[in-house]
Protein chains: 2
Amino acid sequence: MTELEKGPTGRRRGRGARERILSASQQLFREQGINRTGMDQLCAAAEVSKRTAYQHFTGKDELVAEYLRRFDPSVLSGVLDRTDLTPRERLLAAFDIPPTTPLCPYIGAAVELHDPQHPASQYARDYKKAVAARLADTAREAGAADPEQLGEQLALLLDGAAARTRVVNADAFPTAAAIAAVLIDNAIPATAGDDQRQEKAAN
Amino acid sequence: MTELEKGPTGRRRGRGARERILSASQQLFREQGINRTGMDQLCAAAEVSKRTAYQHFTGKDELVAEYLRRFDPSVLSGVLDRTDLTPRERLLAAFDIPPTTPLCPYIGAAVELHDPQHPASQYARDYKKAVAARLADTAREAGAADPEQLGEQLALLLDGAAARTRVVNADAFPTAAAIAAVLIDNAIPATAGDDQRQEKAAN
DNA sequence: TGTTATGTACACCGCCCTGTGTGCTTACGG
DNA sequence: CCGTAAGCACACAGGGCGGTGTACATAACA
């Protein structure tokens, strides 16, 4: 990526600086955090002059908010939209995250910025609610008795796994997946599933 | 508080500056975060000269680490040590946190500092493991089939509730408590409990 | 009483941060 | 080919940060 594709729309004549900036943000904000990544370093990594960066974004705050908006299609939605899996399998697949992912950036942004009014914090809040809603949708599709509750529970498990992985420095997603399996099997009436019917002590 | 009690041990002749510094840390680090709280502001709040602060702590890093060490006895241990509750009730009581608590400071520190080698991060890691161990002990006492697993699961739920409460800006501990109830009832064999024996679909 | 540990007041340093001002170069589109 | 918008290089402002040096005040204890 970042191979100076000048942008899909045809506008912007030069070499797409904005894309490079956002691409570098993805990497640096994840690796180092938001507060510990200066604009100088970020512009250097993006091979963009600082002046140009501030012509694309009014300030770091706006850049951070825009950086957060670049995760939507990729992370979770892809899993929940897969049609080759049963709804129950999709819910469980949400916990099969590759061990490379360091920490949910939304949690990181909310903690680092520490201001609920910050646009990035607001977006993080919206996103988290949207994830819970999507999980609830899939839960409903899977025949859960109380889809909203199950969606909220699974969202909490995802957040817990992300946070605990960060703090303890060990992958906590398998534990979360085990809990999710119990919750899902408990929430789906016995008649709902077709092939997915193990006993609840899946361990 | 902060009424210049000169310290219980009798040592330290002046007015207890160290206590005031740590007391102010508790408040400011929680309210504003670590990175967003400068030493100037902290010293002003503690009514302590900056020079004195740096005579008590070699640097901000050491102060942060010491600040984290001031939670141990109060937060969770108190609940798990209560003898007037059954082990199962104690496990559930861990999720009855007052809505005042903003965020688990250990998660906040680990995210803000962003360096696993930082002494405060290491202490946060140790503490989180200790909490899981204590939960496992209580789980064993409650007769759980796999106490370590249940302890780790409950710890993950606590972290998830804390993180999600912060991001979504709404209390997530009731949801976590509901999950905990399911897990506990699933993990404890039917013959173990005496009075604590409801069916698993507690909802 | 005097010594010493403790705390204070205040100025100061160097660093890095976000953010700009100015003038120059490049690439695209007509 | 030229005009213009996009990008670049560089220096700098202004401020907050962590941290220190110096000289002075006070409290505890001998």
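Since the model is a prediction, treat every value here as computed from it, not as a measurement. We name chains A, B, ... by the order of the sequence lines, and we start the count at 1 in each one.
With hydrogens and angles left out, the side chain of A:Lys60 and the base of C:dG19 share no donor-acceptor pair within 3.5 Å. Judged by distance alone, with hydrogens and angles left aside, A:Arg51 brings no side-chain donor or acceptor close enough to the base of D:dG7 to form a pair under 3.5 Å.
Computed from coordinates, the B:Gln55 CD to D:dG21 P distance equals 11 Å when rounded to whole Å. To the nearest angstrom, P of C:dC16 lies 17 Å from CG of A:Asn35. Computed from coordinates, the B:Tyr54 OH to C:dT6 C1' distance equals 19 Å when rounded to whole Å. The CD atom of A:Glu62 sits 14 Å away from the C1' atom of C:dT18 (whole-angstrom rounding). With rounding to whole Å, B:Arg36 atom CZ is found 15 Å from D:dG15 atom C1'. Taking atom CZ of B:Phe57 as the reference point, atom P of C:dG7 lies 11 Å away to the nearest angstrom. The CG atom of B:Leu28 sits 16 Å away from the C1' atom of D:dG16 (whole-angstrom rounding). Atom-to-atom, CG of B:Leu42 to P of D:dC17 comes out at 11 Å; the value is rounded to the nearest Å.
Contact check, A:Thr52 against D:dC8: a side-chain N or O comes under 4.0 Å of OP1 or OP2.
Classification of A:Glu19 and A:Arg70 as a salt-bridged pair holds, one side-chain N sitting under 4.0 Å from a carboxylate O. Salt bridge annotation for B:Glu112-B:Arg36: absent, with no cationic side-chain nitrogen under 4.0 angstrom from a carboxylate oxygen. By the 4.0 Å N-to-carboxylate-O rule, B:Arg88 lies too far from B:Glu141 to be salt-bridged with it. Salt-bridge check for A:Arg134 with A:Asp137: failed, with every basic side-chain N at 4.0 Å or more from each acidic carboxylate O.
Of the candidate nucleotides D:dG18, C:dT18, D:dC8, C:dT18 has the atom lying nearest to any side-chain atom of A:Met39. In the set C:dT18, D:dT20, D:dG7, D:dT20 carries the atom at the smallest distance from any side-chain atom of B:Lys50. Ranking C:dT18, C:dG7, C:dT8 by closeness to the B:His56 side chain, first place goes to C:dG7.
Heavy atoms of A:Thr58 sit nowhere under 4.0 angstrom from any nucleic acid atom. Backbone-only contact: A:Glu47 has heavy atoms under 4.0 Å from sugar-phosphate atoms and none from a base.
Proximity of a side-chain donor or acceptor of A:Thr37 to a complementary backbone N or O of A:Gly33 within less than 3.5 Å is detected.
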